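In what follows, a structure is listed as structure tokens, so that the remarks can point back to it.
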Amino acid sequence: MKKEERSSIRFIDMTWEFFISLRLTVVLLFTLAATSIIGTLIPQNESREAYIQAFGEFWYRVFYVLDIFDMYYSWWFQLLLLLLTANIVACSIDRLSSLWKTIFVKSPPFRQGMFRKESLKEDFTIDRPADQLRSTYERVIGKAFRYNRTEPSETGYFIYAEKGRLTRLGVYIVHLSVVLLLIGGIIGSLFGFEGFVNIPEGESARVIQIRNSNQTRALDFEIRCDDFDVSFYRTGMPKEYRSSLVILEAGRPVAEKDIVVNDPLRYRGVNIFQSSYGQVPPDVRTLQEAGVELSFKSLESGMVYTRKIQMNRPAPLPEGRGEIVLKNFQSSYVFMGQRDIGPTLVGAITPSEGEPLELVLPLRFPNFDRMMTRMKEGRRFVITVHGFPQRYYTGLQVTRDPGVPVVYIGFVFMILGCLVTFFMSHQRICIEVVEKGKQQSRVIVSGNTNKNTIGMEKQVRRLSRILHGVGPAGPIPSKAGEIG
Amino acid sequence: MSSSQLLSIVTFIYGLSAVLYITAWIFEKPFPGKVATWTAVIGVGGNILGILLRWVETYKVGYGHAPLSNLYESLVFFAWCIVALYLYIEYRYRNRTIGAFVVPLAFLAMAYASLSPNISDRIQPLIPALQSNWLIAHVITCFFGYAGFAVAFGISIMYITKQRRTAAEGPVLAHVPGTETLDDLTHKMVQFGFLFLTAGIITGAVWANSAWGRYWGWDPKETWSLITWFIYATLLHARLMRGWRGRKIAYVSIIGFIAVLFTYFGVNLLPGLHSYGTQ
């Protein structure tokens, strides 16, 4: 029993040792940096086909098993991040527990052992008795350091002083900020979502598609797009994408805003961003409502006529040559059982004499009918689709991330922590004044710092110059003595 | 005179200054060094004037945006940051030798911007994604960071050069500051760079969140800036906790700067939001 206990304690100790080692930190930072490169070289979250084409079946399988195609969210990458956090937390606890006493004490301890560093030492002899210097020195030191106290020695006294003790916490603020970023990230992935939705002008949507998955999600409200506009610079570069959105709850409008890239609509914790746009492929309904504009070029006279034709309603051909009817609109049409020619209008022509002819008008290929008139007998006009109703859809990114406030606090902590860590230090100083005969004193100024030794050297030299300057000509202290 | 012309002249001024710094260092003559400093001061003045002039020009063309929006403009600003930071160090440390290792970097940046056939100096309008006030904060913090790392890189190269040929050997390096000072200065510059890189990543994240609703998307540029951040974080920890000094730190600082260069240029070869490809 005892043996077991001891071994479990040993195990805990070893685990702790593992997590507080700086070697782990360096290894983790290095591994994170190295593995992150992979995801920048291999595009993330593409289709299976695209990957197989790029890497071949074998490598596709290897990468797939290793989660390389979504590596930043893979278990092993997340594990590395988690290990780093555990490492940061363990190191911080370990070091803070030993630092705690240094940081939070009423009267900070000073030992001569702290002030051994030669480069942080200056000494000089001054023509003034030690006890006369004391109050002047205390005043000078008191100005430059927040805390100071005087202790007697056998041959004179020591003045100890320090400042910036709390700056030792700076690095832990940075560490805390990293932990906050991670917590914020976890909150976001647990309680947030990131999706998109395409809404044609004039329509509304409630269900969005979640990014990188097949899932959908219903919102608590509806988004209606009243209008979408894109404008261009003279150079042809896009200038602005603008969607007029209305938020509907139970059919009633509750908010509205024109959004552009960089200026989203936020409603009840959900952010709606302008992300893309496109043209809505025409459908039978809109064509029925609006009709289609066709142009007819006569093969005989070369005359061009434009006519608006309603769906399923026979209309006379120009020059009294018969009738035309548009029967159907198909979003994809396979021509002669071979090739898909995309969205296509299908109809018929009944010439004034002869058999009815089939009419095929693919929207993507305006020259299609010109070809057909050459192949078929009895055609008198080349027909092209001149205009059909066009509508845009707006592509919206819809996100919710309740982790953002935590992340932002993390950001603030990180900047503040870095500022403190890099530019401030805990400086301690010891002025030893030794009596040297009746009228002289030997003064030793020595410093100690937790970082920026070169800066401290300057500080010690500067201080020593000031203290030396308080010579016979310097101000004479009113009260001397009082060594307690 | 147009801003592009002015900035082309600045390129040559930086080139001249770099040559003078190197001459002063190799031949140990104080005079070319002094001229080098003044040349650099003129260069840095012309550089900022060029940037401001370009800003005015964008309004004349009718677009009106800070000139920090494409590769050309960012290189010009990068060069300015490097020389401005260097001149401050020269003033603080009273040493000109570092200039021989740093000013050429600014010259290269400007020369690349002005002379490369792939980089257009035409003023272009802002695409919708870049139309935000965050653009200025993001670009400025990032390039301050890059400049800090660039100067640290120059000093690291200098440190290694100095170490290779020890003091006994040559007068060429006699004027190089002591290795301890160089080591300290590298560290300071890395801290400066790290602070601004951190701020740059953060401003970028806040911007991304306000424009696309995600503060981090593992886009190649983001990821590479994080890789750079990891490398310099390793440097800072190794120095403070493991007592790494001198040569080791110099090598890590050089690796870090290679990552910076990749973050800056290499990512254009990869797909993503930040590519300057669409010029």
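Please read all numbers here as calculations on a predicted model, not as lab measurements. Lettering follows sequence order; numbering is per chain, from 1.
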Of the listed A:Q397, A:M414, A:E194, the one with the largest count of heavy-atom pairs under 4.5 Å with chain B is A:E194
Looking at CZ of A:R211 and CZ of B:R214, how far apart are the two atoms once the value is rounded to the nearest 0.5 Å?
5.5 Å
Around atom CE of A:M71, are there more than 12 heavy atoms from other residues, nucleotides or ligands closer than 6.0 Å?
yes
Quick check on the interface: out of A:S36, A:G39, A:G185, A:G455, who has the most heavy-atom pairs with chain B under 4.5 Å?
A:S36
If we check side chain to side chain contact (heavy atoms under 4.5 Å, CB included) with B:T234, which of these qualifies: A:V26, A:V27, A:L28?
A:V26
Given B:W134, B:Y215, B:F194, the one with more heavy-atom pairs under 4.5 angstrom with chain A than any other is B:Y215
If one checks every heavy atom of B:L130 against chain A at 4.5 Å, the contacting part turns out to be backbone
Can you see which heavy atom on A:F423 is nearest to which on B:L195, and at what distance?
CE1-CD2, 3.7 Å
Does atom CZ of A:F30 have more than 12 heavy-atom neighbours, drawn from other residues, nucleotides or ligands, at distances under 6.0 Å?
no
Side chain, backbone, both or neither: which part of A:E240 has an atom under 4.5 Å from a heavy atom of chain B?
backbone
Under 4.5 Å between any side-chain heavy atoms of A:F411 and B:T198, yes or no?
no
Min side-chain heavy-atom separation A:L22-B:H237 under 4.5 Å
yes
Residue pair A:T235 / B:Y63, side-chain heavy-atom distance below 4.5 Å:
yes
Within the supplied structure, the quantity of interest is the number of heavy atoms (other residues, nucleotides, ligands) at a distance under 6.0 Å from A:F232 CZ; does it exceed 12?
yes
Kindly check if the number of other-residue, nucleotide or ligand heavy atoms within 6.0 Å of CZ (A:F422) is above 12?
yes
In this structure, CD1 of B:I202 is separated from SG of A:C418 (nearest 0.5 Å) by 8.0 Å
Is the gap between the ring centers of B:W218 and A:F77 under 6.0 Å?
yes
Counting heavy atoms not belonging to A:D258, are there more than 12 under 6.0 Å from its CG?
yes
To the nearest 0.5 angstrom, please state how far the OG1 atom of B:T141 sits from the CD1 atom of A:I415.
8.5 Å
Check whether any side-chain heavy atom of A:L181 sits under 4.5 Å from a side-chain heavy atom of B:W216, and report yes or no.
no
Under 4.5 Å from any heavy atom of chain B - which part of A:L32:
both
Is there a side-chain contact between A:P264 and B:S210 in this structure, where contact means two heavy atoms from C-beta onward sitting under 4.5 Å apart?
no
Determine whether more than 12 heavy atoms belonging to other residues, nucleotides or ligands lie under 6.0 Å from atom NZ of A:K257.
yes
With the side chain counted from C-beta on, respond yes when B:I127 and A:M237 share a heavy-atom pair under 4.5 Å apart, and no when they do not.
yes
For B:W229, is it the side chain, the backbone, both, or neither that has a heavy atom closer than 4.5 Å to a heavy atom of chain A?
side chain
Can you measure from CG (B:D219) to CD (A:Q44) and round to the nearest 0.5 angstrom?
11.5 Å
Return the minimal non-hydrogen interatomic distance between A:Y241 and B:P128, and the atom names on each side.
CE1-CG, 3.6 Å
Toward chain B, the part of A:Y233 with a non-hydrogen atom under 4.5 Å:
side chain
Ranking A:V404, A:V260, A:T25 by heavy-atom pairs under 4.5 Å to chain B gives rank one to A:V404
Tell me yes or no: between the side chains of B:W224 and A:T40, is some donor less than 3.5 Å from an acceptor?
yes
Judged by modelled atom types alone, do B:W207 and A:N262 share a side-chain donor-acceptor pair under 3.5 Å?
yes
Report yes if some heavy atom in the side chain of A:S275 is under 4.5 Å from a heavy atom in the side chain of B:W212; otherwise report no.
no
Which answer fits A:I37, side chain, backbone, both or neither, if we ask what part of it has an atom under 4.5 Å from a heavy atom of chain B?
both
Strictly distance-based, threshold 3.5 Å: is any side-chain N or O of B:Q131 a donor or acceptor partner for the main-chain N or O of A:K239?
yes
More than 12 heavy atoms from other groups under 6.0 Å of CD on A:E46:
yes
Does any backbone or side-chain atom of A:V407 lie under 4.5 Å from a heavy atom of chain B? Answer side chain, backbone, both or neither.
side chain
Checking heavy atoms, do the side chain of A:R234, its backbone, both or neither come under 4.5 Å from chain B?
side chain
With a 4.5 angstrom heavy-atom cut-off, is it the side chain or the backbone of A:R95 that approaches chain B, or both, or neither?
side chain
Chain B: which of A:N271, A:I454, A:N450 shares the most heavy-atom pairs with it under 4.5 Å?
A:I454
